[in-house]
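All ligand and atom numbering here is 1-based and tracks the order in the structure. From a predicted model like this one, the values you see are computed outputs, not experimental measurements.
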Amino acid sequence: MERIKIGVVGGLGHIGLIQAACLAALGYDTIAHDKDEAKIKKIAEGKMPFVEPGLEDLVTKAMHGGRLRFTNQMGHLQEADIVYICVGTPTLPTGAADCSQVQFAVEEIARNRSTHAIVAIKSTVPVGTARRLTLRLRERNLSDKVTIVSNPEFLREGAGVDDFWKPARIVVGSEPADPQPAGTRVFGSRPTATAGEAAAKVAGIYSPPGVPVIITSWENAELIKYASNAFLATKISFINEIAHLSEKAGGDIRVVSKGVGLDPRIGPGFLEAGAGFSGPCLEKDLKSLIHQFNEAELEPLLLRSTLLVNLRQRKNLIQKLEDRLGLLYGKQIGVLGMAFKPETDDVRDSHSLPIVNCLLSMGARITVHDPWINGPEQAGLSETELSGVIWASSPYEAADGKDAVLILTAWPEYREIALQKMKARMSKPVVVDGRNLFDPQEMQALGIDYQGVGI
Ligand code: UGA
């Protein structure tokens with residue numbers, strides 16, 4: 001069997017490290033590049049850059065087994081047959097995705113090689129990016145060094161290792177063979193011979209039996225990723241919209257979601273009403289997709305609404321606090337959950353940040369708690385971010401002497417809170433729950449003024 005060597009750029013990020021560790025666990029000789037020297041030093045000492053269930057064990061075993069190495073030198077990727085690009089594509093002020101790190105990585109790889117490599121783009125990039133980057137390589141006479149394929153990832157933070165082993169599908173996009181008339185884009189055609197070979201090689205790297213493999217054009221692959229994340233976001237906003245009427249009508253959105261999700265055409269996933277979606281992916285990708293529509297002079301009516309409904313969820317939680325406490329100036333509020341979702345310590349683009357900032361700007365005094373984050377440094381926040389906020393070491397400490405508790409992340413341990421004990425420590429028994437963790441009747445029986453979303 002041919003021994004394929006793997007390179008990963010962005011190898012200490014959430015996607016890159018999972019990719020590198022899992023491929024090394026499969027037996028591939030893997031070298032992961034990251035520009036952050038401090039993180040490389042730390043991982044050599046056994047310190048992980050972030051928490052992800054099951055990852056530390058994989059990384060440690062692969063490093064000890066000599067199958068996983070880390071470097072900050074692009075030149076060290078020279079040996080790799082396939083290089084995965086897993087760098088970030090953050091949102092620019094216009095909403096567009098900033099692809100400069102992807103472009104830089106692709107060109108650096110091409111410049112540093114004496115032999116040919118396949119570059120597989122895992123980063124989420126706007127439709128047309130693989131084509132644009134290939135043209136740039138051609139203009140610079142570097143295209144014989146690199147064949148670009150698009151290989152979007154669908155991992156969820158907090159479940160990334162599991163998602164890697166059990167993918168729902170594998171998508172690989174490559175250059176279509178058909179001539180592309182100037183100024184037009186032809187989707188979904190046969191790949192060129194080289195591109196087809198590259199796509200098959202990437203698809204074959206890890207392709208468990210029974211998992212559908214879609215080999216298609218660059219553009220289709222890029223669109224599949226955006227459409228998937230936008231659809232998930234739309235499902236969440238949809239149920240959040242219905243939650244408003246449910247709340248007014250005295251319904252229970254949890255029962256409504258269950259009834260809706262049991263239809264196999266709809267499915268139960270991503271129908272949990274609450275504070276809405278946040279984190280480094282869904283919102284960023286939605287904004288980028290809206291920007292791509294604008295660039296194409298198309299009107300993204302549904303996508304815009306998905307985003308607006310999501311922002312309204314955050315405002316509504318603050319409104320619910322005001323409805324109970326009146327002016328929030330000087331009020332003491334305990335916020336439970338800083339990570340954008342459970343099972344991660346990631347606060348990047350977490351809804352908790354704008355919500356806490358808004359409460360601070362209204363003059364409220366805030367104490368926060370998160371089971372996996374003990375303070376601003378661990379959250380990667382600068383000194384000026386959330387200044388004045390107190391970090392508590394338990395949900396009870398966060399509730400101590402408070403006028404209200406606001407729940408923002410669905411951590412399983414919050415469901416286990418001893419409610420009587422928490423109530424006894426609060427100055428007013430008000431709980432606004434952005435994750436619908438509790439039963440309103442039970443809360444009422446305990447004498448807690450409880451308000452969820454859509455219940
Ligand atoms: C998302 C996608 O689910 C992954 O498939 C994709 O690979 C990833 O983005 C990416 O592009 O890298 P992720 O952002 O890690 O994954 O997390 P999700 O599980 O999708 O949750 C996103 C947000 O939606 C969280 O704030 C979560 O609390 C919220 N959510 C989720 C709801 O409010 N309701 C739901 O029913 C489900």
- Heavy-atom closest pair, residues I43 and P49: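 Closest pair (atom of I43, atom of P49, distance): CD1-CD, 4.0 Å.
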
- Query: Will you find, in the side chains of H14 and R156, an N or O donor that is under 3.5 Å from an N or O acceptor?
  - Reply: no

- Ignoring hydrogens and angles, state whether a donor on the side chain of N151 or K122 is under 3.5 Å from an acceptor on the partner side chain.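 Yes, because at least one side-chain N or O of N151 sits under 3.5 Å from a partner of the opposite role on K122.
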
- Could you please spell out the steps behind the side chain to side chain contact (heavy atoms under 4.5 Å, CB included) verdict for H76 and H33? CA-CA 8 Å; H76 291 165; H33 173 276; over 6 Å; no

- Is it true that E157 and K341 have a side-chain N and a carboxylate O under 4.0 angstrom from each other?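 Judged by the 4.0 Å cut-off on N to carboxylate O distance, E157 and K341 do not form a salt bridge.
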
Where does ligand 1 get N/O contacts under 3.5 Å from the protein, atom by atom?
unit_1: ligand 1; atom_1: 5 (O); unit_2: F154; atom_2: O; d: 2.9
unit_1: ligand 1; atom_1: 7 (O); unit_2: E153; atom_2: OE1; d: 3.4
unit_1: ligand 1; atom_1: 7 (O); unit_2: F154; atom_2: O; d: 3.3
unit_1: ligand 1; atom_1: 7 (O); unit_2: L155; atom_2: N; d: 3.1
unit_1: ligand 1; atom_1: 7 (O); unit_2: L155; atom_2: O; d: 2.7
unit_1: ligand 1; atom_1: 11 (O); unit_2: K225; atom_2: NZ; d: 2.7
unit_1: ligand 1; atom_1: 11 (O); unit_2: N229; atom_2: ND2; d: 2.8
unit_1: ligand 1; atom_1: 12 (O); unit_2: E153; atom_2: OE2; d: 2.8
unit_1: ligand 1; atom_1: 15 (O); unit_2: E157; atom_2: N; d: 2.8
unit_1: ligand 1; atom_1: 17 (O); unit_2: K341; atom_2: NZ; d: 3.2
unit_1: ligand 1; atom_1: 19 (O); unit_2: K341; atom_2: NZ; d: 2.9
unit_1: ligand 1; atom_1: 26 (O); unit_2: S278; atom_2: N; d: 3.1
unit_1: ligand 1; atom_1: 26 (O); unit_2: F340; atom_2: O; d: 3.0
unit_1: ligand 1; atom_1: 33 (O); unit_2: G276; atom_2: O; d: 3.4
unit_1: ligand 1; atom_1: 33 (O); unit_2: R435; atom_2: NH1; d: 3.1
unit_1: ligand 1; atom_1: 34 (N); unit_2: E272; atom_2: O; d: 3.1
unit_1: ligand 1; atom_1: 36 (O); unit_2: L271; atom_2: N; d: 3.2
unit_1: ligand 1; atom_1: 36 (O); unit_2: E272; atom_2: N; d: 2.8

- Message: Looking at Y396, I'd like to know if the NZ or CZ of K421 sits under 6.0 Å from its six-membered ring centre while staying within 45 degrees of the ring's axis.
- Response: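 The answer is yes, since K421 meets both limits relative to Y396.
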
